[in-house]
*Asks:* 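Pasting a structure here, questions to come.
What you see below is based on every heavy atom in this structure, not just the backbone, and it leaves out hydrogens, waters and symmetry mates.
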Amino acid sequence: MSFSLIKSGVTAVAISAAVLVSGEADAATMYEGTYEATSVTTNGNDHTVWLPGLFDGINAYWQFKPNAGKFVVGEDNGTAKLTGQIRNNVTTDYEMLVDVSYVLRNPNVPGTEVKTGGGSYDGTWSFFDITSATLTGIGDLAGLVLSLTAYPNTDTKDIPFQLGEGANDKNSGLGGAGWFSWVAEIDDTYSGPDPINSARTAAGHGDININLAPVPLPAAGMMLLAGLGGFGALRMRKRNA
């Protein structure tokens with residue numbers, strides 16, 4: 001596995017298993033529906049969000065609280081939305097709300113690189129750009145908001161959020177992964193630790209890695225669907241009589 005190092009200002013981000021890809025659009029698998037989003041494991045650390053350098057001396061890994069992550073994919077994979085509540089792996093009193101909205105690229109192309117730590121890119125993944133995204137501090141971090149945008153987004157390096165089998169960059173299961181840039185804003189009510197450089201505003205990079213599992217329809221919903229199917233069959237028999 002090869003690694004590259006990208007430096008920007010005061011932060012450095014290690015990028016695992018990124019490969020150059022062509023800009024041709026591929027036929028993506030359709031994933032319309034609602035999914036439970038859970039944390040991945042890397043180097044023994046369960047995490048959903050990686051935020052190196054956000055706080056001096058604080059662990060960079062954050063993970064979803066139990067049953068707190070949701071990922072919704074719209075019709076024809078046209079949109080996607082990640083929501084939930086994460087907490088720091090070590091300082092567990094530090095928690096943030098996740099709210100990230102995506103739109104499918106048109107055409108559906110991966111940009112300049114693909115994260116392939118979970119498996120090779122087979123042409124069936126979907127690629128999304130961020131339309132709006134925040135990590136909002138609660139509890140001990142109330143008053144802190146991180147606004148997220150694409151990272152990096154240049155003519156030579158463009159890596160969007162990826163969705164598919166093996167796309168979470170950590171294992172071969174269904175999932176997603178993507179980089180982001182963040183800018184911190186702190187209001188007068190904030191009493192937690194200052195972000196990087198002890199500034200009241202700061203900026204940096206990070207990434208998201210998630211496992212996804214379909215959320216089954218409730219039993220009542222399944223019964224309703226079965227009933228509708230039976231009603232349709234009865235009408236068909238009457239029509240043919």
*Asks:* Between Thr131 and Ser101, is there a donor-acceptor pair closer than 3.5 Å when you use the side chain of the first and the backbone of the second?
*Replies:*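 Here the side-chain-to-backbone pair exists.
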
*Asks:* Might you work through the side chain to side chain donor-acceptor pair (under 3.5 Å) test for Asp46 and Thr41, ending with a clear yes or no?
*Replies:* CA-CA 4 Å; Asp46 291 338; Thr41 299; 2.4 Å; yes

*Asks:* My understanding is that only residues two or more places apart in sequence, or in another chain, count here; which of them pass side chain to side chain contact (heavy atoms under 4.5 Å, CB included) with Thr42?
*Replies:*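 Applying side chain to side chain contact (heavy atoms under 4.5 Å, CB included) to Thr42 gives His47, Tyr61, Lys170.
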
*Asks:* May I ask you to decide if Ala167's main-chain N or O and Gln162's side chain share a donor-acceptor pair within less than 3.5 Å?
*Replies:* yes

*Asks:* Against Ser39, only a single residue in Asn89, Asn211, Thr48, Asn209 fulfils side-chain hydrogen bond (donor to acceptor under 3.5 Å, both in side chains); can you say which?
*Replies:* Thr48

*Asks:* Apply side chain to side chain contact (heavy atoms under 4.5 Å, CB included) to residues Asp140 and Glu95 and explain how you reach the verdict.
*Replies:* CA-CA 8 Å; Asp140 289 354; Glu95 299 184 353; over 6 Å; no

*Asks:* Show the numbers, then the answer: is there a side chain to side chain donor-acceptor pair (under 3.5 Å) between Glu32 and Asn77?
*Replies:* CA-CA 6 Å; Glu32 179 181 350; Asn77 290 10; over 6 Å; no

*Asks:* Tell me if a side-chain donor or acceptor on Asp99 pairs with a main-chain N or O of Leu135 at a distance below 3.5 Å.
*Replies:* no

*Asks:* Within the distance-only criterion (no hydrogens, no angle test), does the side chain of Trp50 pair as donor or acceptor with the backbone N or O of Ala60 below 3.5 angstrom?
*Replies:*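 No, the answer is negative, given that no donor and acceptor are paired below the 3.5 Å cut-off.
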
*Asks:* What closest approach, in Å, do Thr136 and Thr134 show between heavy atoms, and which atom pair accounts for it?
*Replies:* OG1-OG1, 3.8 Å

*Asks:* Once you measure the plane-to-plane angle for Trp62 and Phe55, does it fall in the parallel (<30°), tilted (30-60°) or perpendicular (>60°) bin?
*Replies:*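 Rings of Trp62 and Phe55: tilted, 30 to 60°.
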
*Asks:* Can you tell me how the ring of Tyr35 sits relative to the ring of Tyr31, calling it parallel under 30°, perpendicular over 60° and tilted otherwise?
*Replies:* perpendicular

*Asks:* Could you go through the side chain to side chain contact (heavy atoms under 4.5 Å, CB included) check for Gln63 and Ile86 one step at a time?
*Replies:* CA-CA 5 Å; Gln63 62 179 289; Ile86 57 174; 6.0 Å; no

*Asks:* Hey, are the side chains of His205 and Pro52 touching, using non-hydrogen atoms and a 4.5 Å cut-off?
*Replies:* no

*Asks:* Could you go through Leu104 and Asp129, starting from their C-alpha distance and side-chain angles, then the distance that decides it, and tell me whether this counts as side chain to side chain contact (heavy atoms under 4.5 Å, CB included)?
*Replies:* CA-CA 6 Å; Leu104 182 70; Asp129 291 319; over 6 Å; no

*Asks:* Is there a salt bridge (charged side-chain N to carboxylate O under 4.0 Å, His left out) between Asp93 and Arg87? Walk through the geometry before answering.
*Replies:* CA-CA 7 Å; Asp93 289 340; Arg87 64 186 175 195; over 6 Å; no

*Asks:* Where the side chain of Thr112 meets the backbone of Asp158, is there a donor-acceptor pair that is under 3.5 Å apart?
*Replies:*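 Yes, Thr112 side chain to Asp158 backbone: donor-acceptor pair under 3.5 Å.
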
*Asks:* With side chain to side chain contact (heavy atoms under 4.5 Å, CB included) as the criterion, how do Thr38 and Leu212 come out once you've worked through the C-alpha distance, each side chain's angles and the decisive distance to 0.1 Å?
*Replies:* CA-CA 6 Å; Thr38 56; Leu212 296 173; over 6 Å; no

*Asks:* Is it true that a side-chain atom of Asp207 and a backbone atom of Phe180 form a donor plus acceptor pair closer than 3.5 Å?
*Replies:*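 Not confirmed, Asp207 side chain does not pair with Phe180 backbone.
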
*Asks:* Is the ring pair Tyr102/Phe71 parallel, tilted or perpendicular, if the boundaries are 30 and 60 degrees?
*Replies:* tilted

*Asks:* Lys70 vs Thr83, test: side chain to side chain donor-acceptor pair (under 3.5 Å). Steps then yes/no.
*Replies:* CA-CA 5 Å; Lys70 183 171 72 170; Thr83 56; 5.1 Å; no

